[in-house]
Amino acid sequence: MSERRSGPKGPAVTRAGWVGLAVLAAAGAAGGALVSCGGGGGGSAAALPTASAPVTAASAPAAAPASASTLSLAAQVGQKMFFDKNLSGSGAMSCASCHDPAHAYAPANDLSVQLGGERMDKAGLRAVPSLRYKDITPPYADLLDNPDGISAPGPGGGFAWDGRADTLAAQARLPLLDPLEMANASSTDVVKKLQAADYAPLVAKAFGAKVFDDSDAAFASALQALQAYQLEDKSFHPYSSKFDLYAANKIGGTLTPAETRGLKVFTNPATGNCASCHYQGAGLNGSSALFTDFSYEAISVPRNAGIPANGDLKYFDMGVCGPMRTDHAPAAPNAANGFCGMFKAPTMRNVATRQAFFHNGVMHSLEQVVRFYNTRDTQPELWYPTVGGTPKAKNDPGFPAYGLVTTQYTGGKVQKYDDLPAAYAANIDTQLPMDGRAAGSAPPMSEQDIADLLCFLNTLSDADTAAATPAKPGACVN
């Protein structure tokens with residue numbers, strides 16, 4: 001939700017937050033017509049953030065959407081592949097195992113990272129994102145034009161948390177060959193499994209009778225099939241939320257007073273400022289209301305001790321600058337690099353249905369995420385470990401219980417930005433609501449702002465989904 005787009009030389013020109021307010025004002029005047037408006041994987045009870053739930057296998061996905069008759073032959077192949085567990089090294093994982101259509105093509109559980117590998121016992125490195133609303137995503141560019149038409153170009157586009165895949169086809173390759181996910185030893189192994197599948201004749205019908213003669217070409221066709229399925233099947237981009245009804249001025253789209261106030265918080269550069277990155281205006285390639293500007297931001301969410309890889313204190317996941325992406329790696333350890341710490345700003349559509357947030361899945365409720373944005377700077381002791389302090393036997397009555405750290409300390413030093421090397425602290429965005437204000441000062445959003453913003457974010461959920469934490473009856477009315 002930060003307002004600044006970081007660039008390869010560090011934080012760049014700030015985004016004009018008033019654009020969202022202008023759009024909002026125009027929408028109000030038009031009776032609600034906002035139609036023009038937007039990869040792949042805790043701590044000790046004392047000093048570290050609380051650990052997430054133990055990692056277990058992903059829940060079984062729902063059945064495939066019944067849309068084969070409307071799909072091209074290539075997309076029909078992709079649909080078969082998407083739900084085929086035999087395409088994994090374990091024989092127990094399909095694309096749908098982590099991208100469940102019943103959960104907006106995101107995980108059905110609250111695990112920070114999912115299990116995979118040849119024996120389904122290896123924890124991933126990052127939280128699994130939703131596959132919905134990816135069809136307009138442009139290829140990654142260091143200087144991508146911002147869809148708001150005002151902000152300076154900066155890193156944007158691409159797939160996965162670090163943008164290392166330029167297309168949905170390229171993205172599909174990553175889990176198929178990742179030893180922590182579907183764990184195929186090679187692309188040839190995938191092709192052999194396709195050739196043995198009961199839908200192999202469909203593959204030949206879609207890509208030619210000799211499709212399996214060239215293993216590399218067959219694998220490329222398979223990736224294109226998965227891409228075609230995601231592009232053609234409407235369930236990947238249904239636009240069926242209450243917000244969509246509101247934007248189109250349709251019955252059922254009237255926002256309540258609380259939701260209307262929440263939209264104002266979302267766009268207001270002095271409070272939530274969410275629209276600065278999760279842009280809801282007219283976007284690229286004729287799109288609108290994607291709730292992302294495809295940008296990359298560094299906000300340094302707390303380290304997740306529940307991810308096994310983080311047990312190595314020298315390991316840091318720094319997004320665009322590595323380690324999974326290698327073309328923007330620092331020239332040497334801790335060498336200046338404006339890309340370090342930057343992760344993709346995802347769409348806010350269906351955000352209220354998610355159960356794990358940020359690239360490392362360190363948070364597990366939408367309210368906690370909003371409160372992190374609001375108090376990362378004013379109360380960092382709620383989110384980052386305290387070192388050298390003394391835990392209180394009993395927290396003070398006013399000590400919040402919503403943070404990752406639930407024990408209050410006397411003395412010591414808060415280890416802020418604990419999942420980013422100090423050499424890259426300058427890359428961290430410093431715009432509202434995370435503007436670097438002093439600890440102990442007032443946060444940007446009031447309790448009413450937070451409650452209203454959560455109400456609005458729930459309007460972004462598609463009709464076929466359910467909120468991870470349903471609002472109390474009447475909470476989002478007045």
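Numbers here are sequence positions counted from 1.
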For the residue pair [Y] / [X], report whether a side-chain donor-acceptor contact shorter than 3.5 Å exists.
X      : Y      : value
Glu259 : Asn458 : no
Gln355 : Asn109 : no
Thr465 : Asp462 : no
Asn285 : Ser287 : no
Tyr105 : Ser235 : yes
Thr353 : Asn350 : no

Out of curiosity, [X] [atom1] to [Y] [atom2], how far, rounded to the nearest 0.5 Å?
X      : Y      : atom1 : atom2 : value
Asp419 : Tyr384 : CG    : OH    : 9.0 Å
Asn337 : His328 : CG    : NE2   : 8.0 Å
His364 : Leu111 : NE2   : CG    : 8.0 Å
Leu125 : Asn310 : CG    : CG    : 8.5 Å

Should the pair [X] and [Y] be classed as cation-pi, given the thresholds of under 6.0 Å to the six-membered ring centre and 45° from the axis?
X      : Y      : answer
Arg132 : Phe236 : no
Arg325 : Tyr140 : yes
Lys264 : Phe456 : no
Arg349 : Phe243 : no

[X]-[Y] aromatic ring centre distance below 6.0 Å:
X      : Y      : value
Phe372 : Tyr402 : no
Tyr296 : Phe343 : no
Tyr133 : His237 : no

Exercise for review: Flag yes if more than 12 heavy atoms outside Arg437 fall under 6.0 Å of its CZ atom; otherwise flag no.
Suggested key: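 Yes, CZ of Arg437 has more than 12 neighbouring heavy atoms, counting only those of other groups under 6.0 Å.
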**Study point:** Atom NZ of Lys250 with >12 non-hydrogen neighbours under 6.0 angstrom
**Key:**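 Open: at most 12 neighbouring heavy atoms sit under 6.0 Å from NZ of Lys250.
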Review point. Do Asp377 and Lys416 pass the salt bridge (Lys or Arg N to Asp or Glu O under 4.0 Å) test, and can you show the C-alpha distance, the side-chain angles, and the key distance before you say yes or no?
Key: CA-CA 9 Å; Asp377 297 327; Lys416 198 174 179 182; 2.7 Å; yes
Check your understanding: Does His99 use its side chain to pair, donor to acceptor, with the backbone of Ser130 at less than 3.5 Å?
Key ->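 Flag not set: sc His99 to bb Ser130 has no pair under 3.5 Å.
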Check your understanding: Within the side chain of Thr386, is there an N or O that forms a donor-acceptor pair under 3.5 Å with the backbone of Gly389?
Key ->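 Pair absent, no side-chain N/O of Thr386 close to backbone of Gly389.
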Exercise for review: Please report the C-alpha distance between Asn304 and Ser112 in whole Å, then the side-chain angles of each, then the deciding distance to 0.1 Å, and finally whether the side chain to side chain donor-acceptor pair (under 3.5 Å) criterion is met.
Suggested key: CA-CA 8 Å; Asn304 189 349; Ser112 294; 3.1 Å; yes
